[in-house]
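Here the structure is laid out as structure tokens; the discussion comes afterwards.
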Amino acid sequence: MNFIELLNDQQKRELEQQWEVLSYGVSSIIPEQEFKQKIAKSIKNQQPLKVKLGLDPTAPDVHLGHTVVLNKLKQFQNFGHTIQLIIGDFTGKIGDPTGKTATRTALTDEEVKHNARTYFEQFGKVMDMEKVELHYNSKWLSQVDFSEVLKLASTVTVARMLERNDFHNRYEANKPIYLHEFFYPVMQGYDSYALSSDVELGGTDQEFNVLFGRQIQEHYGQEKQVVLLMPLIEGLDGVEKMSKSKNNYIGVEESPRDIFGKTMSIPDEQILKYFQLVSPLTIDEVNEVKQQMEKGALHPRDAKMMLASALVAMLHGKKAAEESKADFENVFQKNQIPEDMPEVVWDGNQTVAIVDLVKELGLLPSKSEARRMIKNGGIRVNQEKVPDPATILEVKDGLVLQVGKRKFIRLRLSSS
RNA sequence: GGAGGGAUAGCGAAGUUGGCCAAACGCGGCGGACUGUAAAUCCGCUCCCAUCGGGUUCGUAGGUUCGAGUCCUACUCCCUCCA
């Protein structure tokens with residue numbers, strides 16, 4: 001049935017609107033026409049789409065790379081669609097077949113719960129968690145019996161499984177692939193069936209997995225979900241994809257100052273991509289930025305300032321955005337010290353070798369490191385460079401200690 | 001089960017006629033200068049303590065030696081080939 005034809009003019013405009021926003025920035029929509037039909041159907045029947053996102057139950061550390069998907073979910077939410085978050089507590093027991101982590105220690109129920117809560121808190125910075133459905137896939141997966149598993153397994157050939165990049169590579173390299181790993185995509189697909197998902201989101205690296213849902217749903221005679229693959233965003237280096245292990249990420253939990261500073265360090269070529277994929281700006285606003293930059297009317301640095309402010313505002317609020325911006329200008333453009341900085345009470349000896357002080361405060365891991373730092377001119381006391389590693393300091397209340405470019409501490413004496 | 005190869009600082013990787021090895025080089029990390037940024041570029045640093053200098057390091061445990069990352073023995077782990 002063609003739902004698009006059933007729509008009246010107003011509904012068609014609604015469809016166009018949703019399509020423009022929802023398809024924006026997406027790497028691929030599989031298949032496009034089905035997606036359009038789904039939206040049309042949802043408008044016609046006034047039935048929100050069920051949009052699924054599967055989550056790994058391991059300790060979450062949400063960074064901007066994830067928010068690419070979250071922003072998209074938010075857009076779905078804005079159109080009234082329903083978000084289904086799935087905590088893969090059952091799947092997690094198998095371990096994601098990335099090759100690296102073939103064996104993964106099973107998480108306890110408490111750990112899973114805790115991690116789920118963390119997801120909730122961190123995701124809440126980007127989208128509205130009130131309206132989100134939360135599911136644990138052990139609920140249904142633990143109920144599936146072996147004969148059912150066999151039936152499912154009989155719908156997939158090994159050759160098809162081996163198409164998956166990771167499996168393919170390991171097979172070629174004579175690296176082990178355990179049988180149970182084949183079930184990872186199957187189970188993930190089963191989740192889609194269990195929740196009758198209409199749409200599933202994932203990064204482009206998840207293509208094989210999320211596509212599997214369609215196959216499982218078809219097996220059960222269910223309408224197949226549409227898959228939206230989101231681009232992976234490059235990290236601070238502008239080359240590798242953003243990830244925790246590459247240490248090139250901006251975490252949503254980081255301080256406003258760090259988020260601002262890190263954003264300022266992305267290469268110019270990445271600016272637009274960040275605007276498009278992780279900023280909360282509308283399409284029109286992003287296009288405006290793009291035009292201004294192309295005309296040369298907007299300095300890349302200023303564009304980045306805007307971006308950094310927008311990101312901090314999204315994650316920490318408007319006030320924090322203004323403050324971190326002011327701090328950044330102070331510290332890096334005017335070479336001043338920030339407005340406010342962490343204060344630490346010093347209850348040690350008032351007369352102390354600078355190397356000891358710095359180490360005691362945990363600013364540097366060892367005294368050798370401190371000496372080195374001083375030799376390189378990297379330590380300042382009240383904005384004055386410390387010239388000699390042997391310097392003995394008279395600690396005074398309010399003394400400002402700077403280590404490197406961006407570690408600042410104000411010392412307070414315990415007596416005051 | 002049999003044969004061989006290897007384990008070096010955060011990673012990768014030199015070093016095997018025993019001393020000149022705290023250990024080349026690359027990456028990463030850090031600092032400085034510079035700049036529009038924490039970008040790019042250039043320079044410096046990168047085990048610990050220390051003023052000279054010293055102390056612990058090269059899979060683990062022993063041994064040979066004035067002296068071992070470099071030689072010997074045992075152990076652990078990893079890889080390759082054969083069955």
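So you know, we letter chains A, B, ... as the sequences are listed, proteins then strands, and number each from 1.
At the phosphate of A33(B), OP1 or OP2 sits under 4.0 Å from a side-chain N or O atom of Lys385(A). OP1 or OP2 of C48(B) has at least one side-chain nitrogen or oxygen of Arg372(A) nearer than 4.0 Å. Remark: Ser368(A) is not in phosphate contact with U46(B), judged by side-chain N or O atoms under 4.0 Å from OP1 or OP2.
Checking C81(B) for Watson-Crick or G-U wobble geometry (two distances, each under 3.5 Å) identifies G2(B) as its partner. Across every strand in view, C25(B) sits in a pair with G12(B) that passes the Watson-Crick or G-U test at under 3.5 angstrom. Across all strands shown, C42(B) forms a Watson-Crick or G-U wobble pair with G32(B), both key distances being under 3.5 Å. Taking a pair to require two hydrogen-bonding distances under 3.5 Å in either a Watson-Crick or a G-U wobble arrangement, U65(B) remains unpaired. Pairing partner, A7(B): U76(B), with both Watson-Crick or wobble hydrogen-bond distances short of 3.5 Å. Across all strands shown, nothing is found opposite C52(B) as a Watson-Crick or G-U wobble partner with both distances under 3.5 Å.
The number of heavy atoms from other shown groups lying within 6.0 Å of CD (Gln383(A)) is above 12. For Glu384(A), the CD atom is loosely surrounded, since the number of other residues' heavy atoms within 6.0 Å does not exceed 12. In Lys113(A), the NZ atom is not crowded: 12 or fewer heavy atoms of neighbouring residues, nucleotides or ligands sit closer than 6.0 Å.
The distance from the CD atom of Gln350(A) to the CG atom of Asp397(A) is 9.5 Å, given to the nearest 0.5 Å.
Taking only side-chain atoms of His299(A), from C-beta outward, the nucleotide of G36(B), C49(B), A38(B) with the closest atom is G36(B). For Ser366(A), taking side-chain heavy atoms from C-beta onward, the closest of the listed nucleotides G36(B), C49(B), C30(B) is C49(B). Side chain of Asn376(A), nearest nucleotide from A33(B), G44(B), C30(B): G44(B). The side chain of Asp258(A) lies closest to A38(B) when the candidates are G36(B), A38(B), C30(B).
If you take atom P in C43(B) and the same atom in C48(B), they sit 25 Å apart, rounded to whole Å. Spacing of P atoms, A9(B) relative to G15(B), comes out at 16 Å, to the nearest Å. Taking the P atom of each, U76(B) and G26(B) are spaced 39 Å apart, rounded to whole Å. Distance noted for atom P between C27(B) and G44(B): 14 Å (whole Å). For the C1' atoms, the distance from A40(B) to C34(B) is 11 Å, rounded to whole Å.
Spacing between atom NZ of Lys304(A) and atom P of A40(B) amounts to 10 Å, rounded to whole angstrom units. Note: CD (Glu369(A)) to P (U46(B)) measures 10 Å, nearest angstrom. Atom CG in Asp327(A) sits about 14 Å away from atom P in A38(B), given to the nearest Å. Per the geometry, CG belonging to Leu298(A) stands 16 Å off P belonging to G36(B), to the nearest Å. At whole-Å resolution of the value, CG in Leu363(A) and C1' in G31(B) are 15 Å apart. Look at CZ on Phe328(A): it is 12 Å from P on G36(B), rounded to the nearest Å. Atom pair Lys405(A):NZ and C34(B):P shows a separation of 10 Å (rounding to whole Å applied). Whole-Å rounding puts the Ile374(A) CD1 to G32(B) P distance at 13 Å.
Using a 4.0 Å heavy-atom criterion, one finds that Gly261(A) contacts the bases of the nucleic acid, with or without backbone contacts as well.
Pairing each heavy atom of Met127(A) with each of Ile83(A), the nearest pair is CE-CG2, 4.0 Å.
For the pair Lys74(A) and Phe123(A), the NZ or CZ position fails the cation-pi test of under 6.0 Å to the six-membered ring centre and within 45 degrees of the ring normal.
Nearest-nucleotide assignment on RNA chain B puts the 5′-proximal partner with Ile271(A), out of Lys375(A) and Ile271(A). Both Leu236(A) and Lys359(A) lie close to RNA chain B; mapped to their nearest nucleotides by heavy-atom distance, the more 5′-ward contact belongs to Leu236(A).
A donor-acceptor contact under 3.5 Å links the side chain of Asp268(A) to the base of G36(B).
No side-chain donor-acceptor contact under 3.5 Å links Tyr190(A) to the backbone of Gln217(A).
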